[in-house]
Amino acid sequence: KETFEGHQVLRIVAKDEGQLSLIKALEDMSEFELDFWRGVTDVSTPVDIRVPFHSLQSVKIHLEGQDIEYSVMIEDLQAMLDKEQEEMVSAARRPE
Amino acid sequence: PRNSDSFDFANYHPINEIYAFQDMLVAENPNLVSKIVIGQSYQGRDLNVLKFSTGGTNRPAIWIDTGIHSREWVTQASGTWFAKKIVTEYGRDPALTAILDKMDIFLEIVTNPDGYYYTHNSNRMWRKTRKPNSGSNCVGVDPNRNWDAGFGGPGASGNPCSETYRGPRAHSESEVKSIVDFVKSHRNFKAFISIHSYSQMLLYPYGYTRTPVKDQAELHSLAKKAITDLASLYGTRYRYGSIINTIYQASGGTIDWTYNQGIKYSYTFELRDTGRYGFVLPANQIIPTAKETWLALMAIMDHTFKNPY
(Lines give C-alpha, C1' and ligand atoms only; values in the text may rest on other atoms or scores of the structure.)
Protein backbone atom coordinates (compact mmCIF):
# COMPACT_ATOMS: atom_id res chain seq x y z
CA LYS A 1 0.00 0.00 0.00
CA GLU A 2 1.45 3.32 -1.02
CA THR A 3 1.90 5.72 1.86
CA PHE A 4 2.20 9.47 1.79
CA GLU A 5 4.19 10.10 4.94
CA GLY A 6 5.54 13.60 5.02
CA HIS A 7 3.81 14.59 1.79
CA GLN A 8 2.42 18.08 1.98
CA VAL A 9 -0.15 19.84 -0.14
CA LEU A 10 0.87 23.40 -0.86
CA ARG A 11 -1.60 26.06 -1.84
CA ILE A 12 0.16 28.50 -4.12
CA VAL A 13 -1.13 31.92 -5.12
CA ALA A 14 0.40 33.78 -8.04
CA LYS A 15 0.70 37.55 -7.91
CA ASP A 16 0.71 38.02 -11.66
CA GLU A 17 0.87 36.26 -15.00
CA GLY A 18 4.64 35.95 -14.76
CA GLN A 19 4.42 34.00 -11.53
CA LEU A 20 1.62 31.93 -13.03
CA SER A 21 3.97 30.87 -15.83
CA LEU A 22 6.64 29.96 -13.29
CA ILE A 23 4.17 27.79 -11.39
CA LYS A 24 3.06 26.21 -14.67
CA ALA A 25 6.70 25.39 -15.40
CA LEU A 26 6.72 23.19 -12.29
CA GLU A 27 4.53 20.75 -14.22
CA ASP A 28 7.49 19.93 -16.44
CA MET A 29 9.94 19.41 -13.58
CA SER A 30 9.43 15.67 -13.37
CA GLU A 31 12.21 15.25 -10.81
CA PHE A 32 9.96 16.80 -8.14
CA GLU A 33 7.24 14.17 -8.78
CA LEU A 34 4.53 16.73 -8.13
CA ASP A 35 0.85 15.92 -8.22
CA PHE A 36 -1.28 18.89 -9.25
CA TRP A 37 -4.52 18.65 -7.29
CA ARG A 38 -5.70 21.95 -8.70
CA GLY A 39 -3.99 23.04 -11.88
CA VAL A 40 -2.90 26.47 -13.01
CA THR A 41 -5.83 28.59 -14.15
CA ASP A 42 -5.68 32.31 -13.43
CA VAL A 43 -4.12 34.71 -10.97
CA SER A 44 -7.18 34.80 -8.73
CA THR A 45 -7.34 31.01 -8.35
CA PRO A 46 -4.95 29.10 -6.09
CA VAL A 47 -2.96 26.12 -7.30
CA ASP A 48 -2.78 23.08 -5.01
CA ILE A 49 0.14 20.70 -5.37
CA ARG A 50 0.94 17.51 -3.49
CA VAL A 51 4.65 17.49 -2.89
CA PRO A 52 6.43 14.28 -1.84
CA PHE A 53 8.62 14.55 1.23
CA HIS A 54 11.82 14.15 -0.78
CA SER A 55 10.98 17.21 -2.89
CA LEU A 56 9.60 19.49 -0.20
CA GLN A 57 12.74 21.40 0.53
CA SER A 58 13.62 21.92 -3.12
CA VAL A 59 10.14 23.01 -4.09
CA LYS A 60 9.84 25.45 -1.21
CA ILE A 61 13.24 26.92 -1.96
CA HIS A 62 12.26 27.18 -5.61
CA LEU A 63 9.03 29.02 -4.78
CA GLU A 64 10.66 31.33 -2.26
CA GLY A 65 13.43 32.08 -4.73
CA GLN A 66 10.83 33.28 -7.20
CA ASP A 67 9.00 35.25 -4.48
CA ILE A 68 5.91 33.09 -4.99
CA GLU A 69 3.56 32.94 -2.01
CA TYR A 70 2.39 29.60 -0.71
CA SER A 71 0.84 28.11 2.37
CA VAL A 72 0.73 24.55 3.63
CA MET A 73 -2.80 23.31 3.04
CA ILE A 74 -2.10 19.79 4.34
CA GLU A 75 0.77 19.37 6.75
CA ASP A 76 1.04 15.59 6.58
CA LEU A 77 -1.15 13.84 4.04
CA GLN A 78 -0.66 10.39 5.54
CA ALA A 79 -1.91 11.58 8.92
CA MET A 80 -5.07 12.77 7.23
CA LEU A 81 -5.46 9.49 5.33
CA ASP A 82 -4.97 7.52 8.55
CA LYS A 83 -7.76 9.53 10.13
CA GLU A 84 -9.99 8.92 7.13
CA GLN A 85 -9.29 5.19 7.38
CA GLU A 86 -10.03 5.15 11.11
CA GLU A 87 -13.37 6.85 10.50
CA MET A 88 -14.27 4.31 7.83
CA VAL A 89 -13.41 1.40 10.07
CA SER A 90 -15.33 2.77 13.04
CA ALA A 91 -18.32 3.56 10.82
CA ALA A 92 -18.27 0.01 9.49
CA ARG A 93 -18.22 -1.39 13.06
CA ARG A 94 -21.02 0.84 14.31
CA PRO A 95 -23.97 -1.37 13.24
CA GLU A 96 -22.46 -4.35 15.09
CA PRO B 1 -27.23 -2.55 6.19
CA ARG B 2 -30.39 -4.60 5.78
CA ASN B 3 -31.92 -2.09 3.42
CA SER B 4 -31.06 1.13 1.63
CA ASP B 5 -32.61 3.21 4.45
CA SER B 6 -29.94 2.00 6.84
CA PHE B 7 -27.08 2.58 4.42
CA ASP B 8 -24.65 5.05 5.97
CA PHE B 9 -24.63 7.90 3.45
CA ALA B 10 -22.43 10.00 5.72
CA ASN B 11 -19.41 7.78 5.27
CA TYR B 12 -17.20 6.59 2.46
CA HIS B 13 -17.61 3.01 1.28
CA PRO B 14 -15.56 0.50 -0.67
CA ILE B 15 -16.82 -0.61 -4.06
CA ASN B 16 -18.46 -3.84 -2.89
CA GLU B 17 -20.65 -1.88 -0.48
CA ILE B 18 -21.69 0.61 -3.16
CA TYR B 19 -22.49 -2.24 -5.55
CA ALA B 20 -24.50 -3.99 -2.81
CA PHE B 21 -26.35 -0.74 -2.14
CA GLN B 22 -27.25 -0.49 -5.82
CA ASP B 23 -28.65 -4.01 -5.81
CA MET B 24 -30.67 -3.25 -2.68
CA LEU B 25 -32.13 -0.14 -4.26
CA VAL B 26 -33.16 -2.13 -7.33
CA ALA B 27 -34.69 -4.90 -5.23
CA GLU B 28 -36.63 -2.40 -3.10
CA ASN B 29 -37.91 -0.37 -6.05
CA PRO B 30 -38.47 -2.78 -8.91
CA ASN B 31 -40.96 -0.50 -10.64
CA LEU B 32 -38.63 2.47 -10.65
CA VAL B 33 -35.02 1.33 -10.59
CA SER B 34 -33.16 -1.21 -12.66
CA LYS B 35 -29.50 -1.94 -13.11
CA ILE B 36 -27.87 -2.05 -16.50
CA VAL B 37 -24.37 -3.40 -16.98
CA ILE B 38 -22.97 -1.36 -19.85
CA GLY B 39 -19.61 -3.11 -19.97
CA GLN B 40 -16.65 -4.26 -17.95
CA SER B 41 -13.68 -2.32 -16.69
CA TYR B 42 -10.17 -3.34 -17.73
CA GLN B 43 -9.92 -5.60 -14.66
CA GLY B 44 -13.31 -7.12 -15.34
CA ARG B 45 -15.54 -5.23 -12.93
CA ASP B 46 -19.09 -4.52 -14.04
CA LEU B 47 -19.82 -1.00 -15.19
CA ASN B 48 -23.16 -0.56 -13.48
CA VAL B 49 -25.67 2.09 -14.43
CA LEU B 50 -28.85 2.64 -12.43
CA LYS B 51 -31.84 3.40 -14.62
CA PHE B 52 -34.68 5.32 -13.01
CA SER B 53 -37.73 4.96 -15.19
CA THR B 54 -41.48 4.99 -14.71
CA GLY B 55 -42.12 3.24 -18.01
CA GLY B 56 -42.19 3.97 -21.71
CA THR B 57 -39.73 3.03 -24.37
CA ASN B 58 -36.51 4.87 -25.00
CA ARG B 59 -37.77 8.02 -23.35
CA PRO B 60 -35.72 11.20 -23.48
CA ALA B 61 -33.09 10.76 -20.82
CA ILE B 62 -30.66 12.43 -18.46
CA TRP B 63 -27.24 10.97 -17.72
CA ILE B 64 -25.34 11.57 -14.48
CA ASP B 65 -21.96 10.04 -13.70
CA THR B 66 -19.72 10.28 -10.65
CA GLY B 67 -16.28 8.98 -9.90
CA ILE B 68 -14.59 8.90 -13.28
CA HIS B 69 -11.55 10.19 -11.37
CA SER B 70 -11.32 7.58 -8.67
CA ARG B 71 -9.71 9.62 -5.89
CA GLU B 72 -12.54 12.15 -5.91
CA TRP B 73 -14.38 10.16 -3.27
CA VAL B 74 -17.00 12.75 -2.47
CA THR B 75 -18.39 12.23 -5.97
CA GLN B 76 -19.11 8.49 -5.63
CA ALA B 77 -20.52 9.19 -2.16
CA SER B 78 -22.74 11.95 -3.55
CA GLY B 79 -23.85 9.68 -6.40
CA THR B 80 -25.00 7.12 -3.86
CA TRP B 81 -26.96 9.80 -2.03
CA PHE B 82 -28.51 11.00 -5.33
CA ALA B 83 -29.72 7.49 -6.09
CA LYS B 84 -31.56 7.27 -2.77
CA LYS B 85 -32.84 10.82 -3.17
CA ILE B 86 -34.42 9.99 -6.53
CA VAL B 87 -36.39 7.07 -5.13
CA THR B 88 -37.49 8.92 -2.01
CA GLU B 89 -38.51 12.11 -3.83
CA TYR B 90 -40.37 10.48 -6.70
CA GLY B 91 -44.02 11.00 -5.89
CA ARG B 92 -43.19 13.65 -3.28
CA ASP B 93 -41.30 16.35 -5.14
CA PRO B 94 -43.56 17.60 -7.94
CA ALA B 95 -40.64 18.75 -10.13
CA LEU B 96 -38.77 15.43 -9.95
CA THR B 97 -42.01 13.49 -10.34
CA ALA B 98 -42.90 15.44 -13.48
CA ILE B 99 -39.44 14.76 -14.90
CA LEU B 100 -39.59 11.03 -14.17
CA ASP B 101 -43.09 10.75 -15.56
CA LYS B 102 -41.72 11.76 -18.97
CA MET B 103 -37.98 11.08 -18.88
CA ASP B 104 -35.51 8.48 -17.62
CA ILE B 105 -32.50 9.18 -15.45
CA PHE B 106 -29.35 7.10 -15.78
CA LEU B 107 -26.79 7.24 -12.98
CA GLU B 108 -23.33 5.65 -13.06
CA ILE B 109 -22.01 5.97 -9.51
CA VAL B 110 -18.63 4.26 -9.89
CA THR B 111 -17.54 5.21 -13.37
CA ASN B 112 -13.94 4.05 -12.87
CA PRO B 113 -14.30 0.95 -10.66
CA ASP B 114 -10.73 -0.33 -11.02
CA GLY B 115 -9.40 3.05 -9.98
CA TYR B 116 -11.85 3.26 -7.08
CA TYR B 117 -10.87 -0.19 -5.82
CA TYR B 118 -7.22 0.85 -6.11
CA THR B 119 -7.80 4.00 -4.05
CA HIS B 120 -9.17 1.86 -1.25
CA ASN B 121 -6.51 -0.82 -1.34
CA SER B 122 -3.26 0.48 -2.77
CA ASN B 123 -3.06 4.18 -3.48
CA ARG B 124 -5.62 6.63 -2.12
CA MET B 125 -4.44 9.28 -4.57
CA TRP B 126 -5.06 7.27 -7.76
CA ARG B 127 -6.96 9.17 -10.46
CA LYS B 128 -6.69 7.22 -13.71
CA THR B 129 -7.83 3.85 -15.03
CA ARG B 130 -5.72 0.77 -14.26
CA LYS B 131 -4.88 -0.47 -17.75
CA PRO B 132 -1.15 -0.99 -18.30
CA ASN B 133 0.49 1.07 -21.04
CA SER B 134 2.66 -0.86 -23.44
CA GLY B 135 6.26 0.27 -23.38
CA SER B 136 5.88 2.06 -20.06
CA ASN B 137 5.98 1.13 -16.39
CA CYS B 138 3.30 3.70 -15.73
CA VAL B 139 -0.27 2.48 -15.51
CA GLY B 140 -3.55 4.04 -16.51
CA VAL B 141 -5.18 6.66 -18.66
CA ASP B 142 -6.99 9.80 -17.61
CA PRO B 143 -10.54 8.89 -18.63
CA ASN B 144 -11.41 12.56 -18.89
CA ARG B 145 -8.87 13.05 -21.70
CA ASN B 146 -9.76 9.88 -23.60
CA TRP B 147 -12.87 11.02 -25.48
CA ASP B 148 -13.01 11.71 -29.17
CA ALA B 149 -13.27 15.48 -28.91
CA GLY B 150 -10.09 17.27 -29.88
CA PHE B 151 -8.33 14.07 -28.80
CA GLY B 152 -4.57 14.47 -28.76
CA GLY B 153 -4.73 18.25 -28.74
CA PRO B 154 -3.32 20.65 -26.17
CA GLY B 155 -4.43 20.18 -22.59
CA ALA B 156 -3.73 16.47 -22.38
CA SER B 157 -0.51 14.55 -22.13
CA GLY B 158 1.02 11.94 -24.41
CA ASN B 159 3.18 10.71 -21.53
CA PRO B 160 1.80 7.55 -19.86
CA CYS B 161 3.31 8.68 -16.56
CA SER B 162 1.31 11.90 -16.54
CA GLU B 163 -1.88 12.23 -14.53
CA THR B 164 -3.51 13.63 -17.67
CA TYR B 165 -2.34 10.90 -20.07
CA ARG B 166 -4.85 10.77 -22.90
CA GLY B 167 -4.28 7.13 -23.83
CA PRO B 168 -3.07 5.58 -27.08
CA ARG B 169 -6.25 6.46 -28.99
CA ALA B 170 -9.68 7.94 -28.35
CA HIS B 171 -12.00 5.60 -26.43
CA SER B 172 -9.15 3.20 -25.72
CA GLU B 173 -10.47 2.74 -22.17
CA SER B 174 -13.38 0.36 -21.78
CA GLU B 175 -14.74 2.61 -19.02
CA VAL B 176 -15.09 5.36 -21.65
CA LYS B 177 -15.97 3.20 -24.67
CA SER B 178 -18.83 1.57 -22.75
CA ILE B 179 -20.46 4.95 -22.14
CA VAL B 180 -19.83 5.98 -25.75
CA ASP B 181 -21.53 2.85 -27.06
CA PHE B 182 -24.39 3.20 -24.61
CA VAL B 183 -25.03 6.86 -25.41
CA LYS B 184 -24.84 6.21 -29.15
CA SER B 185 -27.18 3.25 -29.02
CA HIS B 186 -29.66 5.06 -26.77
CA ARG B 187 -29.81 8.11 -29.09
CA ASN B 188 -32.18 10.05 -26.84
CA PHE B 189 -30.04 11.62 -24.14
CA LYS B 190 -30.97 15.26 -23.63
CA ALA B 191 -28.66 16.09 -20.74
CA PHE B 192 -25.32 14.69 -19.65
CA ILE B 193 -23.79 15.67 -16.33
CA SER B 194 -20.36 14.43 -15.31
CA ILE B 195 -19.37 15.06 -11.70
CA HIS B 196 -15.85 15.69 -10.40
CA SER B 197 -14.26 17.34 -7.38
CA TYR B 198 -12.85 19.71 -6.19
CA SER B 199 -12.84 23.43 -6.94
CA GLN B 200 -16.49 24.47 -6.93
CA MET B 201 -17.27 25.04 -10.55
CA LEU B 202 -20.04 24.28 -12.99
CA LEU B 203 -18.72 24.07 -16.52
CA TYR B 204 -20.05 23.61 -20.01
CA PRO B 205 -18.23 22.90 -23.33
CA TYR B 206 -15.83 23.46 -24.82
CA GLY B 207 -12.51 22.51 -23.25
CA TYR B 208 -10.55 21.73 -26.38
CA THR B 209 -11.29 24.86 -28.36
CA ARG B 210 -11.97 28.52 -27.72
CA THR B 211 -14.81 28.42 -30.24
CA PRO B 212 -17.96 28.99 -28.19
CA VAL B 213 -20.67 26.37 -28.39
CA LYS B 214 -23.71 27.50 -30.35
CA ASP B 215 -25.87 27.23 -27.21
CA GLN B 216 -23.44 29.22 -25.06
CA ALA B 217 -25.98 31.86 -23.97
CA GLU B 218 -28.51 29.29 -22.81
CA LEU B 219 -25.92 27.06 -21.12
CA HIS B 220 -24.42 30.06 -19.37
CA SER B 221 -27.71 31.30 -18.05
CA LEU B 222 -28.74 27.82 -16.92
CA ALA B 223 -25.39 27.39 -15.15
CA LYS B 224 -26.02 30.66 -13.32
CA LYS B 225 -29.45 29.48 -12.22
CA ALA B 226 -28.04 26.11 -11.10
CA ILE B 227 -25.25 27.60 -8.98
CA THR B 228 -27.63 30.14 -7.50
CA ASP B 229 -29.91 27.33 -6.40
CA LEU B 230 -26.90 25.42 -5.06
CA ALA B 231 -25.75 28.40 -3.04
CA SER B 232 -29.19 28.89 -1.53
CA LEU B 233 -28.59 26.01 0.90
CA TYR B 234 -25.26 26.78 2.55
CA GLY B 235 -23.94 29.76 0.61
CA THR B 236 -21.32 27.67 -1.24
CA ARG B 237 -19.99 29.80 -4.06
CA TYR B 238 -19.36 28.30 -7.47
CA ARG B 239 -17.75 29.74 -10.57
CA TYR B 240 -19.21 28.88 -13.93
CA GLY B 241 -18.44 29.15 -17.63
CA SER B 242 -16.90 27.15 -20.42
CA ILE B 243 -14.11 24.75 -19.47
CA ILE B 244 -11.45 26.53 -21.50
CA ASN B 245 -12.33 29.96 -20.13
CA THR B 246 -12.88 28.91 -16.54
CA ILE B 247 -10.16 26.32 -15.93
CA TYR B 248 -7.75 25.72 -18.77
CA GLN B 249 -7.57 24.08 -22.16
CA ALA B 250 -8.31 20.37 -21.86
CA SER B 251 -8.72 18.12 -24.87
CA GLY B 252 -10.50 14.77 -25.04
CA GLY B 253 -12.96 15.70 -22.29
CA THR B 254 -16.25 13.95 -21.59
CA ILE B 255 -18.77 16.73 -22.11
CA ASP B 256 -17.11 18.08 -25.24
CA TRP B 257 -17.81 14.70 -26.81
CA THR B 258 -21.38 14.53 -25.51
CA TYR B 259 -22.12 18.05 -26.74
CA ASN B 260 -20.76 17.16 -30.17
CA GLN B 261 -23.07 14.15 -30.15
CA GLY B 262 -25.99 16.59 -29.95
CA ILE B 263 -26.58 16.50 -26.19
CA LYS B 264 -27.15 20.19 -25.62
CA TYR B 265 -27.29 20.22 -21.83
CA SER B 266 -23.79 18.89 -21.24
CA TYR B 267 -22.24 20.00 -17.95
CA THR B 268 -19.45 19.01 -15.64
CA PHE B 269 -19.28 19.80 -11.94
CA GLU B 270 -16.34 20.29 -9.64
CA LEU B 271 -17.75 19.75 -6.16
CA ARG B 272 -16.79 21.25 -2.83
CA ASP B 273 -13.51 22.68 -1.76
CA THR B 274 -13.24 23.76 1.83
CA GLY B 275 -9.72 24.97 1.15
CA ARG B 276 -8.32 22.51 3.68
CA TYR B 277 -8.73 18.95 2.54
CA GLY B 278 -8.65 18.66 -1.25
CA PHE B 279 -9.47 15.11 -2.28
CA VAL B 280 -9.56 14.03 1.36
CA LEU B 281 -12.81 15.80 2.11
CA PRO B 282 -14.02 14.60 5.54
CA ALA B 283 -16.98 12.27 5.48
CA ASN B 284 -19.10 14.73 7.44
CA GLN B 285 -19.07 16.91 4.31
CA ILE B 286 -20.64 14.25 2.08
CA ILE B 287 -24.29 14.93 2.80
CA PRO B 288 -24.02 18.73 2.72
CA THR B 289 -22.14 18.44 -0.58
CA ALA B 290 -24.70 16.06 -2.06
CA LYS B 291 -27.63 18.15 -0.82
CA GLU B 292 -26.42 21.39 -2.34
CA THR B 293 -25.37 19.68 -5.58
CA TRP B 294 -28.82 18.10 -5.85
CA LEU B 295 -30.34 21.57 -6.08
CA ALA B 296 -28.13 22.39 -9.06
CA LEU B 297 -28.85 19.02 -10.65
CA MET B 298 -32.55 19.65 -10.27
CA ALA B 299 -32.19 23.04 -11.95
CA ILE B 300 -30.50 21.42 -14.95
CA MET B 301 -32.88 18.47 -15.09
CA ASP B 302 -35.94 20.70 -14.75
CA HIS B 303 -34.73 23.02 -17.51
CA THR B 304 -34.04 20.01 -19.73
CA PHE B 305 -37.53 18.71 -19.07
CA LYS B 306 -39.17 22.07 -19.79
CA ASN B 307 -37.16 22.84 -22.90
CA PRO B 308 -37.43 19.81 -25.17
CA TYR B 309 -35.42 19.86 -28.39
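Every chain is numbered from 1 and lettered A, B, ... according to where its sequence line falls, protein lines coming before strand lines.
- Residue contact with chain A, scored on non-hydrogen atoms closer than 4.5 Å, is absent for Trp126(B).
- Heavy-atom distances place the side chain of Phe4(A), and not its backbone, under 4.5 Å from chain B.
- Looking at Asp273(B), the atoms closer than 4.5 Å to chain A (heavy atoms on both sides) all sit in the side chain, from C-beta outward.
- Contacts between Tyr198(B) and chain A at a heavy-atom distance below 4.5 Å involve backbone atoms as well as side-chain atoms.
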Item to check | Lys84(B) and Ser4(B): CA distance, side-chain angles, deciding distance, side chain to side chain donor-acceptor pair (under 3.5 Å) verdict | outcome: CA-CA 8 Å; Lys84(B) 182 66 179 173; Ser4(B) 67; 2.8 Å; yes
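- Under 3.5 Å, the side chains of Arg272(B) and Gln200(B) contain no donor-acceptor pair of N or O atoms.
- No side-chain heavy atom of Tyr70(A) sits under 4.5 Å from any side-chain heavy atom of Val13(A).
- Both the backbone and the side chain of Arg124(B) come within contact range of chain A, judged by heavy atoms closer than 4.5 Å.
- Contacts between His13(B) and chain A at a heavy-atom distance below 4.5 Å involve the backbone alone (N, CA, C, O).
- Comparing Arg11(A), Glu27(A), Glu2(A), Arg38(A) by heavy-atom pairs within less than 4.5 Å of chain B, the highest count is held by Arg38(A).
- In this structure, the portion of Thr246(B) lying under 4.5 Å from any heavy atom of chain A is its backbone and not its side chain.
- Contact count versus chain A (heavy atoms, under 4.5 Å) is highest, among Asn159(B), Asp8(B), Val280(B), Asn121(B), for Val280(B).
- Considering only heavy-atom pairs separated by less than 4.5 Å from chain B, the leading option among Leu77(A), Ile74(A), Asp35(A), Thr3(A) is Asp35(A).
- One side chain, Ser41(B) or Asp114(B), offers a donor N or O that lies under 3.5 Å from an acceptor on the other.
- None of Leu26(A), Val9(A), Leu56(A) except one satisfies the side-chain contact (heavy atoms from CB on, under 4.5 Å) rule with Val51(A); the exception is Leu56(A).
- Residue contact with chain A, scored on non-hydrogen atoms closer than 4.5 Å, involves the side chain of Arg71(B) exclusively.
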